[in-house]
Amino acid sequence: MSNTPDTDNAVRAFADGHRAAFLAELSEWLRIPSVSADPARAEDVRRGARWLRDHLAATGFPVTEIWDTPGAPAVFAEWPSGDPDALTVLVYGHHDVQPADRADGWRTDPFEPVIEDGRLYARGAADDKGQVLFHTLGIRAHLAVTGRSAPAVNLKLLIEGEEESGSPHFPELVRAHAERLGCDTVIVSDTGMWSEDTPTVCTGMRGLVECQIDLHGPGQDIHSGSFGGAVPNPATEAARLAAALHDDDRKVAIPGFYDGVVEPTDHERELFAELPFDEAGWLRTAHSRAALGEAGYSTLERIWARPTAEVNGIAGGYQGPGGKTIVPSAAQLKLSFRLVAGQEVEKVQSAVRDWAAALIPAGIHHEITYWGATRPCLTPLDHPALQSVVRAMGRAFGQKILFTREGGSGPAADLQDILGAPVLFLGISVPSDGWHAPNEKVELGLLMKGAETAAHLWAELAEKGRE
C-alpha cells in the first residue's frame, strides 16, 4: 500500500462507509457480559469467545480456534499472507471485561451499549473489545484498498479471556502454543494514548514483583513493661524495614536492586518533555497534594522509566480503641516493586531476601512470600517495527505521533520473553474512557482512527518492518 493522500483517503472512506455495520457488530459483542472474575459468568465468557471466533471467520480469517485453559478460553486466528518472505505479526488483546452493575454508578445498563455525543458507552467499549475489534475493520480496509486477497503480513491474533483476572494461565498457554504463535513482532492493542488531541505510541511497560514479609517474635503478645526494650518487637522491625526501603534521595536502598537497569536516553527524556503534562491536574487525579519521588527525574520519568518500591500495607499489634501495652507477637509488611528494562524478576526477589535478612535482628523469625511476578518490556525508539507503527498512526491521525510508556504491568512481557519477539503497542483509548470505572466509553472518532491505523500498518510492516 503506497503512502499517498489518495490511499489514505481511500482507507478513511472505507472505514467511514462501514462504520454503522462495525458499530452494530461491536455492540452485539458488548452485550455479552464476559466477566472473567465472576464464576457465575463463566459461560458468558465462553459465549463471548465463540462470538469472536465466528466474527473473525466471517471477516475472512481461514483459521479460527478456541484454545481452552484451566480457566477461561482464548481465541486464536491466523491469516497467512501467501508471500514467502512476509513478516509474521501477532496481535494481542483480551475478550473478558471487568465486573459492572448499575449500582456501581452506571447511568445505563453497562451491557446495553448506548451511543451518545460521539461516544459508545458500555463495559468493554475501550477495555478491550473495541480495541480488539477495530482490527477486523482495519484488515478489511487493507484488503479493499490494496486489492489483495490476503494481508501483506502473516497475521495472527491471540485474544485471551483472563486478562481482567490477572492472566493466571496465560504464560502456560503461550508456552504450550509457542510454535503456532511464532512471530517477528507482537502488537498489543490493550493500551491507550496521551489524549484525544495528542496521539501517542507506548514503547514499554514496567514489570512487577510483589511480596509479603511475615515477622514473628514472642510466642504471644507480652507485657511491654516487663519485657519491652529487652526483646525484639516484630512491629518495630516491620516499620524499620519500611523506613529502610529508600535513601534520602528517595532512591531504592536495596543493594543490587538497580543492577542492569536500562536508563532512559536523553532523546527519550526530551520526547517525554514534549508531552503537554499538567502536573496539577495529574495530582488531582491522584488525589494527592504534592509530587514526590526519586531525585533527578521528572514525574513522568518516575512513573514510566524508573523502578520503584512501595509499601502496600503494614500491620501488627493492637488496633482497637485506646491503648494496650504489649510487645506484639507478629507483624506483616506488604511490598511491591515496579521493574524497568534490564531488571530480572529473580534477581530482584533474591536482593529483597538478602536485604531483609541483613536487617532483621536475631529473635525475629521471618518468611517472605512472592506472587504476581511480571517482567518489564521495552522497545527501542529506533526499532524498525516501532517506526512502522508510528508511520501508520501518523497517516491515520495526520499529525506528529509522540511517545509514552506505561507505569503499570501486564502480560506483554510474557509474549516478548516466550516468543522472543519485540512488543509494540497500538491503542486509541484515552484517560477519560474510564477503564474499570462506571460509564466506561470509547470515542467513536478514535475507534475509526484505530481501524485506519491497522489498515496502514500491515503494508508499512511488510515494506520496512525488517530494515
Side-chain angles (χ1 to χ4, degrees), residues 1-19 22 59 79 81 83 86-87 89-91 93 118 130-148 150-155 184-203 271 274-275 379-404 422-430 442-467:
M1 186 190 297
S2 59
N3 186 351
T4 67
D6 287 346
T7 300
D8 295 353
N9 290 337
V11 166
R12 186 164 297 120
F14 184 95
D16 289 344
H18 293 79
R19 172 174 169 148
F22 168 74
T59 298
W79 198 336
S81 166
D83 297 340
L87 282 172
V89 181
L90 174 68
V91 174
Q131 300 203 93
V132 168
L133 214 65
F134 74 57
H135 282 284
T136 64
L137 180 56
I139 189 64
R140 291 183 352 233
H142 168 68
L143 297 178
V145 172
T146 61
R148 297 180 60 94
V153 297
N154 299 312
L155 187 58
D184 298 293
T185 298
V186 176
I187 302 291
V188 172
S189 282
D190 183 24
T191 185
M193 308 191 310
W194 180 264
S195 71
E196 191 171 352
D197 298 325
T198 307
T200 54
V201 171
C202 176
T203 62
L271 291 173
E274 288 186 35
L275 293 164
T379 301
L381 292 177
D382 59 356
H383 193 287
L386 175 61
Q387 291 304 311
S388 292
V389 174
V390 172
R391 284 192 299 272
M393 204 168 189
R395 293 171 65 181
F397 281 84
Q399 64 186 95
K400 181 180 180 180
I401 306 301
L402 299 180
F403 294 91
T404 65
V423 172
L424 312 173
F425 297 84
L426 170 57
I428 50 75
S429 183
V430 289
V442 68
E443 299 285 339
L444 297 183
L446 296 183
L447 201 57
M448 293 300 105
K449 293 299 183 187
E452 290 178 41
T453 301
H456 297 310
L457 179 57
W458 313 133
E460 288 281 0
L461 282 168
E463 182 180 355
K464 297 184 178 179
R466 290 187 192 273
E467 291 179 359

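The figures here come from the full heavy-atom set of this structure, side chains too, leaving out hydrogens, waters and symmetry mates.
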Which value, rounded to the nearest 0.5 Å, describes the distance between [X] atom [atom1] and [Y] atom [atom2]?
X	Y	atom1	atom2	answer
T404	L275	OG1	CG	7.5 Å
I187	L457	CD1	CG	5.0 Å
L446	M193	CG	CE	4.5 Å
F397	T198	CZ	OG1	10.5 Å
L90	L424	CG	CG	11.0 Å
R391	H456	CZ	NE2	12.5 Å

For the residue pair [X] and [Y], establish whether any side-chain heavy-atom pair is separated by less than 4.5 Å.
X	Y	value
T7	R395	yes
V11	D8	no
N154	D184	no
T146	W458	no
L271	L381	yes
L402	W194	no
L444	R19	yes

Please list, chain by chain and in numerical order, all residues satisfying side-chain hydrogen bond (donor to acceptor under 3.5 Å, both in side chains) with [X], sequence neighbours excluded.
X	value
Q399	none
Q131	none
R12	E452
E443	R119, K441

- [ ] Kindly write out the residues that satisfy salt bridge (Lys or Arg N to Asp or Glu O under 4.0 Å) with E274, not counting sequence neighbours, or none if the list is empty.
- [x] K400

Open item on the list: The test is side chain to side chain contact (heavy atoms under 4.5 Å, CB included); show your working for V153 and W79 and say whether it passes.
Closed with: CA-CA 9 Å; V153 297; W79 198 336; over 6 Å; no

Open item on the list: For F14, give me all partners under ring-ring contact (aromatic ring centres under 6.0 Å, His included), at least two apart in sequence or on another chain.
Closed with: H18

Open item on the list: T191: which residues meet the side chain to side chain contact (heavy atoms under 4.5 Å, CB included) condition with it, sequence neighbours left out?
Closed with: C202, E406, F425

Open item on the list: According to side chain to side chain contact (heavy atoms under 4.5 Å, CB included), who are the partners of D83, at least two apart in sequence or on a separate chain?
Closed with: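 D83 satisfies side chain to side chain contact (heavy atoms under 4.5 Å, CB included) with S81, A86, R148 once adjacent residues are dropped.
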
Kindly give the heavy-atom pair with the smallest separation between [X] and [Y], and that separation in Å.
X	Y	result
M393	T200	CE-O, 3.4 Å
H135	S189	NE2-OG, 2.8 Å
A462	A152	CB-O, 3.5 Å

Task: Side chain T379, main chain P422, donor-acceptor under 3.5 Å - done: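 A pair under 3.5 Å: no.
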
TODO: For the pair V442 and I428, evaluate side chain to side chain contact (heavy atoms under 4.5 Å, CB included) and give the outcome as yes or no after the intermediate values.
DONE: CA-CA 9 Å; V442 68; I428 50 75; 4.1 Å; yes

